[in-house]
Amino acid sequence: MRIKLGKACRDFNVEISAIVKELENNGIFLDDANPNTRISGEEYELIAKSFGRETSLFALTWQEDKFGLDPISNREEVNSHGWDRLRNDIIIALPTRYILIPKDQSCDSFSFWTREDFATNCPMAVVDGKVVREKLKDPTGTIPVLPYISDDKVQPLREKPQGVFRLPNQLNSSKVTVVDSIDLSSLN
């Protein structure tokens, strides 16, 4: 089975150059590296071992921790940073804690670790700037969050007051009024 390189990039959320470099490190050289280049199933498995979505997670550093106890405001915080459209699970490294944000956000809470608990419970979890998911143990707690609603079932998170921006009903008339005419032959 041959798979397009672009699909592999989407599956593992990495750039083509990173995949090409990983293949070259393993002795596989591609003549043309573009999204339509096809790779074999064995090459795809090799990429999956290096960038697999179940083995390691990207750790994004973030300066502010705005997560609280309100699930609605927590969902708005996740959506405002684009974390609601993730291709893979990620770890958000905040100043006080690490939060695991899963790809499938149909859950009602996210697990988190304080920096101290992360250092004691998961000392070997960080490898080359990535967090190995299988080595994550005993979260400190959970953050309540409103489950993500897919695009086909979009509903507002908070009710907006009705009638605030309503325009008065206007009658649309189908009568056309000719104001003037243009002589196109005189334009030359």
Backbone N/O of Val145 and side chain of Arg75: donor-acceptor pair under 3.5 Å: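 Answer holds: no.
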
Plane angle bin for Phe118 and Trp113 - parallel if under 30°, tilted between 30 and 60°, otherwise perpendicular: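 Correct class here is perpendicular.
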
Are any of the side-chain heavy atoms of [X] and [Y] separated by less than 4.5 Å?
| X | Y | answer |
| --- | --- | --- |
| Thr140 | Asn121 | no |
| Ile16 | Ile19 | no |
| Ile47 | Glu22 | no |

Partner residues of Phe112 under the ring pair (Phe, Tyr, Trp, His ring centres under 6.0 Å) criterion, sequence neighbours left out: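 None.
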
Distance, nearest 0.5 Å, that separates CG of Asp138 from OG1 of Thr120: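 Interatomic distance, Asp138 CG to Thr120 OG1, rounded to 0.5 Å: 9.0 Å.
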
From CG (Asp84) to CD (Glu76), nearest 0.5 Å: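 That separation rounds to 11.5 Å.
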
Heavy-atom neighbours of Asp183 CG exceed 12 at 6.0 Å: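 More than 12 heavy atoms, drawn from other residues, nucleotides or ligands, come within 6.0 Å of this atom.
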
Taking all non-hydrogen atoms of both residues, which atom of [X] and which atom of [Y] are closest, and how far apart?
| X | Y | result |
| --- | --- | --- |
| Ser106 | Pro147 | O-CB, 3.7 Å |
| Pro95 | Arg115 | O-NE, 3.3 Å |
| Leu5 | Val20 | CD2-CG2, 4.4 Å |

Residues Thr114, Asp117; criterion side chain to side chain contact (heavy atoms under 4.5 Å, CB included); working and verdict: CA-CA 5 Å; Thr114 61; Asp117 286 346; 3.3 Å; yes

Derivation and outcome, side chain to side chain donor-acceptor pair (under 3.5 Å), residues Asn36 and Asn34: CA-CA 5 Å; Asn36 293 324; Asn34 65 51; 4.6 Å; no

